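Contents: one structure, followed by commentary.
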Amino acid sequence: MVQNKKIRIGIIGPEDTLLIIKKIAEQYTESTWKFYDYKDPHEAPAIVRKHMKTDDVFIFTGEVPYYMVLTQNEDIQCPLLYIPHDGISLYRTIFEMTYHHKVSLERISIDTISEDLIKEVFRELSIPYPEVYLISELYPKNDPLAWGDIHLRLWKENKVDSIITTTRSTYNFLVENKAPVYGVRPTQSVIRECLEKAQRLGMLQYAESGQVLIQLILIDRLSELIHYHGSEYEVQKVRLELYRRLLDYAQEIEGAFTPLGDDSFLLVTTQGAYQRYTGGKLLNPIPDWVLENMPITVSAGIGEGQTGSEAEAHARIALKYAQQHGGGCSFLVTTTGDVNGPLTDEKPRSFAYQLDGKLFEIAKQAKVSPATIGKLSSAIDKLQRNQLTAVELSQALKITPRATRRILSQLEQSHVVERIGEESTSSTGRPRTIYKINI
């Protein structure tokens, strides 16, 4: 039974960054937040090993400790996330350098930010692209202090005028050596997005232990509502009231509940709780009072599954059927792949879900089950990229890395998957193969 479950999320990083995240996390009372500070990111693997039996999800304040843990702890089953440093974060640092400190950007060294992102930021700011030393690409050893040594040497040799880093230990080292260093900090919007994603992944992880049922609830045509009211404040009042009512509904159906964004929500419960709530009938479980006197309708996709990832994939399929039907209704996809809906007081239609023609042909060609291809397609949609390592894909599919590599090998033989490179995450770990999935 899933009842008022609070996901336990551990956040790992330097103390000053954790203080910023803690203020934002206080807004998300549906989860229990734990904060583990370190002086050096090399401490991150030990922190995870110590708390992996009590925490459901781990968030790292940057990609360096994240990859250190992936390299040294491949047996970790709980989801791992890191807060990325996006273009807006780099904009802020560049503004600080040029506006507040009048620093030249002609010669700089940077670590852990891709050259493509740097070029994009400079292009959008109409600033000539400077002479840049990309430390973490030129010297891929995953060692922030080694990067600090290289930054410092370039500055002392008068090859760079200023330094940009995303890593606190590198920053502190350079400050101690009186080098002109500037830190890149994640924005509040990126932190919020990561915290919300961690809650969702934690609920799915919690649901792995038995037959589960997931509901994805989407506000229909939210943009029209914003246009009608002409006020973001009024729309926010509607969202908050819907959130309050859905939270009450989640408690009635013995579920765990979290918002996914401005217009969607996720609820995890058991199939038994759903059947008790609907009297064992195929009915829309969302009661009328949830939407009473509200200027909105919602679409709901309900998915059954033996695991959380399977139930979520089925819920996404069901939600697409609800939207295609015009919204304001619910569909359910069972563990066997049967689609039922729209769910009303009358007997709903029941039919078999089929992959679209292209995916079905891929499954046939690769000699794997359509369900496997469907889950793979769903994982790529969620990650919004098709170039992945086996470890990243195994976390998305909620299966072991060994099982993932077996699937990738099978798809590689049919040219659905190709190896496009290697990702080196440390000086001692084996490089990880990067696969491109063509579906």
Side-chain angles (χ1 to χ4, degrees), residues 13-14 16-17 20 40-42 44 60-68 71 82-191 194 385 387 421-427 434:
D16 56 346
T17 306
I20 296 171
D40 187 301
H42 286 93
F60 304 91
T61 58
E63 63 178 287
V64 172
Y66 167 82
Y67 281 116
M68 285 181 176
T71 301
Y82 69 87
I83 300 173
H85 295 86
D86 62 356
I88 297 176
S89 304
L90 185 55
Y91 289 143
R92 183 169 59 188
T93 301
I94 290 174
F95 177 78
E96 178 186 350
M97 294 170 68
T98 56
Y99 185 79
H100 292 292
H101 299 281
K102 312 301 181 186
V103 172
S104 169
L105 295 175
E106 292 182 1
R107 301 186 306 163
I108 57 178
S109 58
I110 302 180
D111 58 59
T112 71
I113 298 179
S114 72
E115 185 173 17
D116 288 343
L117 178 58
I118 299 168
K119 286 182 176 179
E120 181 180 294
V121 168
F122 275 81
R123 183 169 58 249
E124 290 184 356
L125 292 174
S126 300
I127 299 174
Y129 188 66
E131 182 180 352
V132 176
Y133 287 86
L134 301 170
I135 302 304
S136 50
E137 292 188 15
L138 294 171
Y139 309 91
K141 181 180 178 181
N142 202 22
D143 188 340
L145 292 182
W147 293 341
D149 284 331
I150 298 164
H151 281 302
L152 186 62
R153 187 179 75 240
L154 290 171
W155 176 63
K156 287 185 174 180
E157 293 174 355
N158 197 31
K159 292 181 178 179
V160 300
D161 301 314
S162 51
I163 300 163
I164 297 175
T165 181
T166 66
T167 307
R168 174 55 58 178
S169 56
T170 304
Y171 178 87
N172 291 340
F173 170 80
L174 292 167
V175 167
E176 289 172 4
N177 285 276
K178 305 187 184 316
V181 59
Y182 300 86
V184 180
R185 303 184 305 278
T187 61
Q188 291 191 12
S189 61
V190 170
I191 292 172
C194 192
R385 55 193 172 96
Q387 297 181 13
E422 289 185 338
E423 174 188 70
S424 179
T425 57
S426 82
S427 58
I434 301 174

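Every heavy atom of this structure was used, including side-chain atoms; hydrogens, water molecules and symmetry mates were not. Just so it is clear, the structure is predicted and the values come from calculations on it, not from any experiment.
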Please verify the inter-ring angle class for F95 with H100; under 30° counts as parallel, over 60° as perpendicular, anything in between as tilted.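 Because their plane-to-plane angle is over 60°, the rings of F95 and H100 count as perpendicular.
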Could you label the plane-to-plane angle of the F122 and Y129 rings as parallel, tilted or perpendicular, counting under 30° as parallel and over 60° as perpendicular?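 Taking Y129 first and then F122, their aromatic rings stand perpendicular (interplane angle over 60°).
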Which atom names give the shortest non-hydrogen contact between T61 and H85, and what distance separates them?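 Nearest pair, atom of T61 first, then H85: O-CE1, 3.9 Å.
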For residues T112 and E63, report the shortest heavy-atom separation together with the two atoms involved.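 Looking at all heavy atoms of both residues, the shortest contact is O-OE2, 3.1 Å.
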Quick one: are the ring centres of F173 and H151 less than 6.0 Å apart?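 No, too far apart.
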For R168, the option from D40, D16, T17 that meets side-chain hydrogen bond (donor to acceptor under 3.5 Å, both in side chains):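 It is D16, the one option of D40, D16, T17 that forms the side-chain hydrogen bond (donor to acceptor under 3.5 Å, both in side chains) with R168.
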Whether [X] side chain and [Y] backbone form a donor-acceptor pair below 3.5 Å:
X: S109; Y: I163; result: no
X: T93; Y: G183; result: yes
X: K178; Y: V175; result: no

Would you say [X] and [Y] make side-chain contact, with heavy atoms under 4.5 Å?
X: P128; Y: E106; result: no
X: I108; Y: V160; result: no
X: V103; Y: Y182; result: yes

Does one side chain, of T165 or D111, offer a donor that lies under 3.5 Å from an acceptor on the other?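 Note: T165 and D111 side chains meet the donor-acceptor criterion.
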